[in-house]
Each structure stands twice: as C-alpha cells, then as structure tokens.
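These numbers come from the heavy atoms of this one structure, side chains and all, not from hydrogens, waters or symmetry mates. Predicted, not measured: the structure shown is a model, and the values here were computed from it.
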Amino acid sequence: MNIDLSGKTALVTGSTQGIGYAIAEGLAASGARVAVNGRSADRVDAAVADLRKTGADVVGVAVDVSTADGVDQLLRELPAVDVLVNNLGIFGAVPAREITDEQWRYYFDVNVLAAVRLIRTYLPGMVERGWGRAIQIASDSAVVIPEEMIHYGVSKTALLAVSRGFAKDAAGTGVTVNSVIAGPTHTAGVEDFVYELVDKDLSWDDAQREFVRKHRPQSLLQRLIEPNEIANMVTYLASPLSSATTGGALRVDGGYVDSILP
Ligand SMILES: NC(=O)c1ccc[n+]([C@@H]2O[C@H](COP(=O)([O-])OP(=O)(O)OC[C@H]3O[C@@H](n4cnc5c(N)ncnc54)[C@H](OP(=O)(O)O)[C@@H]3O)[C@@H](O)[C@H]2O)c1
C-alpha cells in the first residue's frame, strides 16, 4: 500500500508530545502539511522545530482548543483542514465519589465538546470539497470504564458516540468519521507512572513487561503500545485507502479490551 497524503492539510490537536506528536510525524511522513497544536507557543515551536528536522511540512498553532475563543483563533490561522485528528484528551485518577461537578464539566469540555466544536468547524468545508477525514482518539477506557477515572471513561464513551453520529451526518459525501481506541501507550507520563509501580532499577523493557503483567494483565500484547503504532492506524484512516471505513471504532489496544467488537 502506498499512503500518499500530499496536497492534504491535517490538524492534530494536542500534538506537542506523546501520541499526538507521533500522529503529526506519521501524517507528515506520508506527505501531508501538518498543523501542530498545543496551548503554549514555546512547546508548539519546539515540536515544529523537531519535526522540521525530518523534512516535515509543519506549521504550529498555539491555541487552547477546549474553548470557543481558541477555536475561533484557530479558524483564522487555519481556515481549511482536510484531515482533522481530535487527539487532545486529559486523564487523571480521582476516586469515583469524589469527582466534583467542576471536574465532570471540565472533562466534558476538553475531551468531548472540543472535538464536537472542531468537527462542526471543519466538516462543512470537507463536505463542500467532497473529501475529508475526522478521526477521534478514544481509549480502552471508553469501553472498560476504570473505577479510578469514571469521568475520563465517560468522556471517551461519548467521543465514540460523537464519531458515529457525525459519520451519519456526513453520509455519502466522501467524508469519513471514525474513532481509534488506543490502549495503554508508552508516553512520557506513562513511563513515570510505570516506574512508580515497579522496581526503578529495571530496564525499560523489563519494567513495562512487569507493569503489564501485574497491572494490565488483560493486554494480549504484554507490553505497552508505542505512539507510532497508534499513528500508523491514524495515517491509514487519514488516507484515501480507507475510503470504505466510516462510523467505526478501530482498535489499537494490544487486545486489551476482551471483546471481538469494540
Ligand atoms: N497515553 C495513553 O496510554 C493513552 C491511552 C489511551 C488513549 N489515550 C488518548 O490519547 C490522546 C493523547 O494522549 P497522550 O498521553 O499522548 O497525551 P499527553 O502526553 O498528555 O499530551 C497532551 C497534549 O495535549 C496538549 N494539550 C493539553 N491541553 C490542551 C488544550 N486545551 N488545547 C490544546 N492542546 C492541549 C499538550 O500540549 P501543551 O501542554 O503544550 O498544551 C500535549 O501536547 C488522549 O486523547 C488520550 O486520552 C492515551
């Protein structure tokens, strides 16, 4: 398969690090012009500079996409997008009965409403041009609700519904809308978390296997997922090759969710 995204403009929200950065890198390596996003101009500039070293065609947009003002500013800087990747997502453990109304609302604003607003913003242009991709990064937590972060799980379940609903809205237009269910992934934050739970003297390879064996035994992969493994699925979904896949939730979870269907 030859994945060619030349001539396409992609926006990846929350892409100064982690999975978003890997997605930006993957899309750019396939020829897309990629907009990198984060809240801080310094971190956006640093990510853009790193990606340009690989020859990538990237621009940076430092805005908080979880606010309506941020999206207005984004639209001024980036009026048209062919591939929208709603990667931004926050997570954190809070005991179920202690999650406050404010936390529930904040998770809804950042993990759900931001994606809805961006789809609403860019979908009409995609439909008008007869081609486009909207891809939401969900999580295994959307279907296996973690008791220590119900608010996160609920927000990701909602994101699956958002994707399915907008895929119906875009039916027959050449625009596809899908979500990707990412499983436990090796990002900087997760690496620190792993070393809090296993022997600090272990090599990374041994540490992650120990972590998965003890704390994520459902994983069939028996290691963490690398961000570029998520990016590979997103790059395929972003490409013309995925034209018959819409309204779906594609799993890159290492078999973590014990189910044949999402
Ligand atoms: N890591 C995992 O194991 C895992 C597993 C399943 C699913 N996921 C999902 O994958 C996605 C990425 O996760 P990750 O672990 O790679 O994230 P991460 O390392 O925490 O990175 C978050 C990114 O979002 C940016 N950001 C935060 N708030 C923002 C806002 N309001 N507006 C714009 N940018 C913002 C941050 O940049 P600034 O700080 O510069 O703003 C950063 O680039 C999330 O949706 C997450 O739920 C992750």
Working to the nearest 0.5 angstrom, can you tell me the gap between [X] [atom1] and [Y] [atom2]?
{"X": "N37", "Y": "L74", "atom1": "CG", "atom2": "CG", "value": "6.5 Å"}
{"X": "I230", "Y": "I19", "atom1": "CD1", "atom2": "CD1", "value": "5.0 Å"}
{"X": "L197", "Y": "D192", "atom1": "CG", "atom2": "CG", "value": "11.5 Å"}
{"X": "R164", "Y": "L159", "atom1": "CZ", "atom2": "CG", "value": "15.0 Å"}
{"X": "T100", "Y": "Y106", "atom1": "OG1", "atom2": "OH", "value": "12.0 Å"}
{"X": "K168", "Y": "T246", "atom1": "NZ", "atom2": "OG1", "value": "11.5 Å"}

Flag the pair [X] / [Y] as yes when at least one side-chain heavy-atom distance between them is below 4.5 Å, and no otherwise.
{"X": "L51", "Y": "V36", "result": "yes"}
{"X": "V12", "Y": "Y21", "result": "no"}
{"X": "V177", "Y": "Q136", "result": "yes"}
{"X": "D206", "Y": "E210", "result": "no"}
{"X": "V61", "Y": "V44", "result": "no"}
{"X": "N86", "Y": "L84", "result": "yes"}
{"X": "V162", "Y": "I119", "result": "yes"}
{"X": "L11", "Y": "L78", "result": "yes"}

When you measure from the side chain of [X] to the backbone of [Y], do you find a donor-acceptor pair of N or O atoms at a distance under 3.5 Å?
{"X": "Q208", "Y": "L224", "value": "yes"}
{"X": "N178", "Y": "A249", "value": "no"}
{"X": "T16", "Y": "A47", "value": "no"}
{"X": "T173", "Y": "A171", "value": "no"}
{"X": "N87", "Y": "G14", "value": "yes"}

* Assess whether side chain to side chain contact (heavy atoms under 4.5 Å, CB included) is satisfied between F211 and Y195, documenting all intermediate values. => CA-CA 8 Å; F211 165 78; Y195 275 114; over 6 Å; no
* To do: Apply the test side chain to side chain contact (heavy atoms under 4.5 Å, CB included) to residues I137 and V234: give CA-CA distance (whole Å), side-chain angles for both, the deciding distance (0.1 Å), then the verdict.
  => CA-CA 9 Å; I137 306 302; V234 174; 3.8 Å; yes
Residues in side-chain contact (heavy atoms from CB on, under 4.5 Å) contact with [X], at least two apart in sequence or another chain:
{"X": "Q17", "value": "R43"}
{"X": "D199", "value": "D201, L202"}
{"X": "D169", "value": "L123, F166"}
{"X": "S239", "value": "I3, L5, Y236, L241"}

If hydrophobic clusters are built by linking Ile, Leu, Val, Met, Phe, Trp and Tyr wherever their side-chain heavy atoms come under 4.5 Å apart, do [X] and [Y] end up in the same one?
{"X": "F108", "Y": "F91", "value": "yes"}
{"X": "I90", "Y": "V63", "value": "yes"}
{"X": "V85", "Y": "V116", "value": "no"}
{"X": "V127", "Y": "I135", "value": "no"}
{"X": "M126", "Y": "V71", "value": "yes"}

Closest non-hydrogen atom pair between [X] and [Y], with its separation:
{"X": "P146", "Y": "G153", "result": "CD-CA, 4.3 Å"}
{"X": "L250", "Y": "M233", "result": "CB-CE, 3.8 Å"}
{"X": "Q73", "Y": "A62", "result": "NE2-O, 4.0 Å"}
{"X": "T176", "Y": "S243", "result": "CG2-O, 3.9 Å"}
{"X": "I260", "Y": "R251", "result": "O-NH1, 3.6 Å"}
{"X": "T235", "Y": "S30", "result": "CG2-OG, 3.4 Å"}

side-chain hydrogen bond (donor to acceptor under 3.5 Å, both in side chains) against [X], all qualifying residues, sequence neighbours excluded:
{"X": "S155", "value": "N111"}
{"X": "E191", "value": "H186"}
{"X": "R39", "value": "none"}
{"X": "R209", "value": "none"}

* Structure fact -> Using a 4.5 Å side-chain heavy-atom cut-off and chaining through intermediate ILVMFWY residues, the residues clustered with W104 come out as V94, I99, I145, I150, V154
Ignoring hydrogens and geometry beyond distance, is a side-chain donor-acceptor pair present between [X] and [Y] at under 3.5 Å?
{"X": "Q218", "Y": "D258", "result": "no"}
{"X": "D4", "Y": "S6", "result": "yes"}
{"X": "T67", "Y": "D69", "result": "no"}

* Is any side-chain N of the basic residue among R129 and D82 closer than 4.0 Å to the acidic one's carboxylate O? -> yes
* Basic-acidic side-chain contact under 4.0 Å: R223, E229 -> yes
* To do: Please name all residues satisfying ring-ring contact (aromatic ring centres under 6.0 Å, His included) with Y107, sequence neighbours left out, ordered by chain then number.
  => H151
* Can you name the ring-ring contact (aromatic ring centres under 6.0 Å, His included) partners of Y256, sequence neighbours left out? -> none
* Asked: Passes side-chain hydrogen bond (donor to acceptor under 3.5 Å, both in side chains), S66 versus D64? Steps please.
  -> CA-CA 5 Å; S66 71; D64 181 343; 2.6 Å; yes
* For the pair L160 and I181, evaluate side chain to side chain contact (heavy atoms under 4.5 Å, CB included) and give the outcome as yes or no after the intermediate values. => CA-CA 9 Å; L160 298 183; I181 296 184; 4.2 Å; yes
* To do: Sort out for me which residue in V110, T121, T13 forms a side chain to side chain contact (heavy atoms under 4.5 Å, CB included) with V65.
  => T13
* **side chain to side chain contact (heavy atoms under 4.5 Å, CB included) assessment of L237 paired with V83** => CA-CA 10 Å; L237 281 177; V83 175; over 6 Å; no
* Applying side-chain hydrogen bond (donor to acceptor under 3.5 Å, both in side chains), which residue pairs with at least one partner in residues 52-61 are found, sequence neighbours left out? -> D50-K53
* Asked: Under 6.0 Å from the CD atom of E148, do we count more than 12 heavy atoms belonging to anything else shown?
  -> yes
